[in-house]
Amino acid sequence: MAQDKLLPNGTPSYERIQVVDDQKKFTQDLTKQISTWGLGDAGFNYNLVAVFGSQSTGKSTLLNRLFGTDFDVMDETRRQQTTKGIWMCRGQNMNALVMDVEGTDGRERGEDQDFERKSALFSLASSEVLIVNLWEHQVGLYQGANMGLLKTVFEVNLGLFGKPAADGINQRTLLLFVIRDHLGTTPMENLVATLTSDMEKIWDAISKPTELRDRQLKDYFDLSFTTLSHKLLRPDVFEADVNRLRGRFTDKARDDYVFKPAYHKRIPADGVAFYMEGIWEQVQSNKDLDLPTQQELLAQFRCDEISAQALGDFNEQSKSQRKPVESGRVVEGLGKMMRDWWTTALARYDQNASRYHKGVYQRKRADLIGVMESTLSPLFLGQLKNLHKSCLVSFKREMLDGMRGESYNFAEIVNDARSRFEQLFVSGSKELLIDGVSWSYDEEYSLFREEVQSVADQCRKDETKKMVNVIERSFKRSIFEPVEIALTKPTPDMWDKVLTAFRRILSKSEAAYLAKAESFNCTDDENMHSLATLRRRAWQALCAKIDEQTADAAIIGKLRAHFEERFRYDEAGIPRVWRPDDDIDGAFKFAKDNTLALIPIYSKIKPMDTSLEYSLPSEPSDLNGETEEFDFESTLTIFSETKALDISTRFRRDADAYYVEAKRSTVSGIAQ
Ligand code: GDP
Ligand code: MG
């Protein structure tokens, strides 16, 4: 790149750039160059000026003097050729972009009119002020002053600016006529009048689209005029004139300040390159130029770029929390982080993109929000899931801890823990919400509540089981004695006694259960199950006790005792001493029959009072879904018939032994 050159006033000029080269190619370095000039962030705070006029009319010389630029100037002495193309440079001490057009020398023209037309159009479409440069003696000369070209440019320009922009305001451009080598012989007013009427004539002569038929020159252009003295003949005056003119570009306070806001094309500085390239392409392809569309295209491009920049950091930030969330952690302050990323990205976008076409800016903003939302959504959902898990685990732990001690109120523990963790879940979820994003945690919350409920239910079921076990043990302790007493002293209403005791103790147990179950908030269903279990276990405990009391040795013992009591003791309970005339046979038979009659009573649980008959209702499946096979009917039978026969045989044998012994005792009595 060229070294900064020193200008006549001693300050280095900015480096210029060839925007369009001699192959009519648009540069890719303009954005970078604008940044290098320090205007990248200027927004709307910059101006654009271009020049129009025949070859070698001192255009480049004028621009360099006015703006401190360094455009090539034809050196007459060496006939040095300037480099064809469109050039741009930043003006010194002002935020102005200055464009110079280099065509080829007039003698070689013809083939090059195309480039001149295109570059003129391009200049007009992008600049606020177009300097129309001409010699004084060219005024009034149609061909010599390039007026033919101006006609074409006006025509095409109407296509460009004809359509009002989105805001309905025509874009205006200032045509600043600079009359060179002014000798002063023709008064300024005359020159102005001639040029103005020339312009009007040209305007009237151009063909206009029907819908723009009535448009006037002044609808699109302001005309302004100035003269410069002869540079070679009166160099001092020329310098003074140039300085005076320069003031019109720099001094905003002046009435004739040229960069009026109405002329600004409203392209932010960071979009100028893209915009100009688009215009150049349209000019090149000879398509109808439609500036509002160009501005929209520009806005789309730039808003996308700005959005992508904002998203870059945003994505990095959100990525940083993806792993922790995926690993199942509840990330502290995730919501605040997400809100920070969100507002930072949006603020960045707004700051740079809001200068562009409103509709596009807003549309792309909605897109950006959509992308950010879907980027953060997995974090939101993941954190919710983790929150759900961790709250549930803590809830379980708190329940178990609470139930560790001896005395605790189960219902209180459940309610306290539930409300605490539900609150924790809700506040953790709320922390994640972002203004303007319609996220909801309702579904996860109701799922969480369901699971909390099922954990609580499980705990309650376990508790209920424990309680049933405790009640069962106390039932057993209570039932043993009455059973033992009833079975040891058998009577025909033996079972009535057993069953009465059973019922009394069972109903006490049931009452104990219900009293406790109430504080647990057990459901009716659960109570039904628990009570059924309790009844079955009570019955089984009873049967077990009866089985113990009627086991072989025990039953034989009981029968023998019953028999002995009747055979070896008299009615008064005094032991008998048999005498030969005693009716041993009769007594023996009585005692034996009386005892044998007990066997059928023992063999089946059958109360005399049928209202005491007990039956177990068919049991619903157990709380855990397991049903124990339990055949109630069979538990009523204590001995089978064979068993009863076997017992009676064994008893008879014992009884016979007593009989023989009794007989013997009388014999031995006689012998004495
Ligand atoms: P451009 O082709 O329009 O850019 O013209 P240049 O700026 O390259 O100048 C062409 C020639 O005109 C150079 O030799 C300049 O020295 C000369 N020139 C520049 N300004 C003036 C002026 O105001 N009056 C006269 N007579 N010649 C000038
Ligand atoms: Mg030049």
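Numbering of residues begins at 1 and proceeds along the displayed sequence. Each ligand, and each atom within it, is numbered from 1 in the order the structure gives.
Under 4.0 angstrom from ligand 1, the non-hydrogen atoms of M74 come from both its backbone and its side chain. Here F238 has side-chain heavy atoms under 4.0 Å from ligand 1, and that is the only part of it that gets that close.
Interface of R180 with ligand 1, defined as ligand atoms under 4.0 Å from a residue heavy atom, comprises 20 (N), 21 (C), 22 (C), 23 (O). Under a 4.0 Å criterion applied to the non-hydrogen atoms of H230, ligand 1 contributes the atoms 26 (N). Near D181, meaning under 4.0 Å from one of its heavy atoms, ligand 1 places the atoms 22 (C), 23 (O), 24 (N), 25 (C), 26 (N). Close approach of ligand 1 to T57 (heavy-atom distance below 4.0 Å) involves ligand atoms 1 (P), 3 (O), 5 (O).
No hydrogens or angles considered: a donor-acceptor pair under 3.5 Å links the side chains of Y220 and R215. Side chain to side chain, Y14 and D70 fail the donor-acceptor criterion of an N or O pair below 3.5 Å. Side chains of K364 and Q300: no donor on one and acceptor on the other come within 3.5 Å.
Taking any N or O of W135, backbone or side chain, none lies under 3.5 Å from an N or O belonging to ligand 1. Polar contact check, S229 against ligand 1: no nitrogen or oxygen pair lies under 3.5 Å apart. For ligand 1, the polar-atom distance check finds no N/O of L232 at less than 3.5 Å from any of the ligand's N/O atoms.
Of the candidates G53, G58, S54, G58 brings a heavy atom nearest to atom 5 (O) of ligand 1.
For the pair R266 and F44, the distance from NZ or CZ to the six-membered ring centre is under 6.0 Å and the angle to the ring normal is within 45 degrees. Judged by a 6.0 Å distance limit and a 45° cone about the ring axis, R16 is positioned over the six-membered ring of W87.
Ring centroid separation for the pair Y46 and H264 comes in under the 6.0 Å cut-off. Between Y361 and Y356, the ring centre distance reaches or exceeds 6.0 Å.
Counting backbone and side-chain atoms alike, S60 contributes an N/O/S atom closer than 2.8 Å to the Mg ion (ligand 2). The Mg ion (ligand 2) lies at 2.8 Å or more from every N, O or S atom belonging to D72.
Put simply, the residue from V192, T227, T186 that forms a side-chain contact (heavy atoms from CB on, under 4.5 Å) with I179 is T227.
The aromatic rings of F380 and W439 lie parallel to each other, with less than 30° between the two planes, well short of the 60° mark.
Counting just the N/O/S atoms of E102, the one with the shortest distance to the Mg ion (ligand 2) is named OE2.
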